[in-house]
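Quick notes on the structure that follows.
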Amino acid sequence: MLKKLTRAPAVLVAAALLLTACNGQNDAGGAAGDDPVSGGTMHMLQNADFSYLDPARGFDGGVNAFYRLVYRGLTMQAAGDAEDPNAIVPDMAESLGTASEDGLTWTYTIKDGLKFDNGDPITSAEVEFGISRAWDPEIGIGSPWLKNTVEAPADYAGPYQSGDHPGIETPDEHTIVFHLKAPFPEFDNVLAQPNAVPFPVGTGAGDEFINDIIASGPYTLDTYTPGSLIKLVRNEHWDADTDDVRKAYPDAWEFEIGLDGATIDERLMAGQGTDVSAISGRVQPATLARIQSPDLADRVATADAYCTTYMGMNTTKAPFDQVEVRQAMNYAIDRASLQVASGGNQLADPATTITPPAVNGHKDFDLYPSDDGTGDPDKALELLTSVGLQDGFSFTLDIRSQPAMQAQAESIQQALAKINVEVVLNVIDTSTYYETIGTPSQQSDAAITGWCPDWASSASTMVPPLVDGRLITDKGNNNLAQINDEGINARIDEIKAMTDLDAANVEWGHFDEEVMALAPMAPLLWEKGVFLPGENVAGYIPNTSMTDLTIIGLKDPSAG
């Protein structure tokens, strides 16, 4: 489905698209300094397809950026070029929510003049219906925050099976009231999640939104060829006067899918035809030296790391049900080798904590140190011997079908071979990867993935979603370790109850260390980003969690 100094739609990291930084402190090179103008077609070159066009299903950095182009919610994360790009601001609502004195109800007033791409009005009924889709057992596999915070009967199964949501009131067309399970001061952030968007009542059942959408944002779907092409055109019923965030400069967007990473880099360096108006994800490590040339250097954009790449270990499967084995993995992994495999220090730093240094609440610690960052196989073997595994074992590691992750997996293979542990790689297509590893019945013994915070107001969305045993679900599960520890769960509740956000962030840092003592995962890397937008691109501010596509435009709409 990972906080920055202050920002981020969190989530499992999808390297396929625009995993780029989160807070306006990025060096966006020359691209961000030019003023976009209206018109033209923006092009995106990417390796893999989006997970889902349906926001109730998708929840990763790449597709979350796409959703901002076509969907609106009551609130949203501020624009990428805002003074505080990590703030939560009103979108379809006239203002942020008003909480009751006891914190259990939140009320919003919806703006006038909002419409879907077919011209139908958006009222409180459509907002309630769209949000209630998050409870559907098959469709609602995306962001868990609505289900975690809004009160609903245990047997409520979404609008198609159970009807109107009993925890959401719509007293009139412009008013919507949410009843919460418990006070949650950050509820405005919950409604900025990608699945908190409206849809016409009765639409979107089953697979209706797999290949089509009903847009509420500035663009709507014109063409979708899965695995190949997505074309967006302007939604003529979107009213810019009701939208204070999205600039929507281009007339159209084209997403070219299924390209090899090296091919993307070559095209952007050459800058021929429409590629002058193209953007993409991070450049490949092998490309770094070549983009330092004088004719390309002015286009290079960089972004700091706000997400953590880690190896989650399934604690329900032997031998990862033993803490000593999980600790041994943390000792044995060679993070210096992982850094090299990921492109060197320009692209990655070794990670020893779950929360990255740029995130509020980070605590600097290393429970599994080695002298030079290459791992401590002797200490790891000592731990394995203590549980009778001195001869080693074999396990299956889930990875995405991308060269960078395969290189990381091979580094882990080589490091663990030193302690007689065989790592069998299970390569999964990127477009289905997160759904697969997020389905406990389908995940293997371990998986390489990433996590970014869901919002920036606190570190509360960095570690807790990965280890709260009460949030383990049959689908859309973020707790890949499937750890369900009473002490961890109680500690989460204790810190979440704190009203002093700064003090709570200090405790989240301590909590990170407490979790890592149990080692349900092995932090691997904090991956930075280097990007090469086309020379005709303007307003581009990359972000390693989610790049704001809604503020990007072209210098010359007729170019290319």
Is the shortest distance from a Lys or Arg side-chain nitrogen in [X] or [Y] to a carboxylate oxygen in the other one below 4.0 Å?
| X | Y | value |
| --- | --- | --- |
| K115 | D120 | no |
| E266 | R290 | yes |
| R133 | D136 | no |
| R68 | D548 | yes |
| D35 | K555 | no |
| D207 | R57 | yes |

Next item on the list: Examine F199 together with F129 and report whether their ring centres are nearer than 6.0 Å.
Entry: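 No; F129 has its ring centre 6.0 Å or more from that of F199.
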Item checked: Centroid separation Y52 to F209 less than 6.0 Å ->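 Not under 6.0 Å, so no.
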Does the side chain of [X] pick up a donor-acceptor pair with the side chain of [Y] at under 3.5 Å?
| X | Y | value |
| --- | --- | --- |
| T123 | E173 | no |
| T75 | D91 | no |
| T220 | R234 | no |
| W526 | T308 | yes |
| Y224 | D49 | yes |
| N47 | Q402 | yes |

Check: Do R267 and E256 pass the salt bridge (charged side-chain N to carboxylate O under 4.0 Å, His left out) test, and can you show the C-alpha distance, the side-chain angles, and the key distance before you say yes or no?
Finding: CA-CA 12 Å; R267 286 178 54 174; E256 189 174 345; 3.0 Å; yes
Next item on the list: Could I get the full list of salt bridge (Lys or Arg N to Asp or Glu O under 4.0 Å) partners for D81, not counting sequence neighbours?
Entry: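 With neighbours one apart ignored, the set is empty.
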Anything under 30° is parallel, anything over 60° is perpendicular, the rest tilted; go ahead and classify [X] against [Y].
| X | Y | value |
| --- | --- | --- |
| F184 | W145 | tilted |
| F531 | Y540 | perpendicular |
| W106 | Y108 | parallel |

Margin query: I'd like to check the side chain to side chain donor-acceptor pair (under 3.5 Å) partners of S431; sequence neighbours left out, ordered by chain and number.
Written below: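 Partners of S431 under the side chain to side chain donor-acceptor pair (under 3.5 Å) test: D429.
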Item checked: Rounded distance (nearest 0.5 Å) linking atom CE of M44 with atom CD1 of I264 ->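 Result: 10.0 Å between the selected atoms.
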Notebook entry, point to check: Between Y160, F178, W135, which is the residue that forms a ring-ring contact (aromatic ring centres under 6.0 Å, His included) with H165?
Noted result: W135
Next item on the list: Specify the closest pair of heavy atoms between H362 and T355, including all atoms of both residues, with the distance to one decimal.
Entry: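 Nearest heavy atoms, H362 then T355: ND1-O, 2.7 Å.
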Check: Looking at G217 and N235, what are the two nearest heavy atoms and their distance?
Finding: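 Looks like O-ND2, 2.9 Å.
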Note to self: A side-chain contact here means heavy atoms from C-beta on lying under 4.5 Å apart; do T449 and T309 qualify?
What the structure shows: no
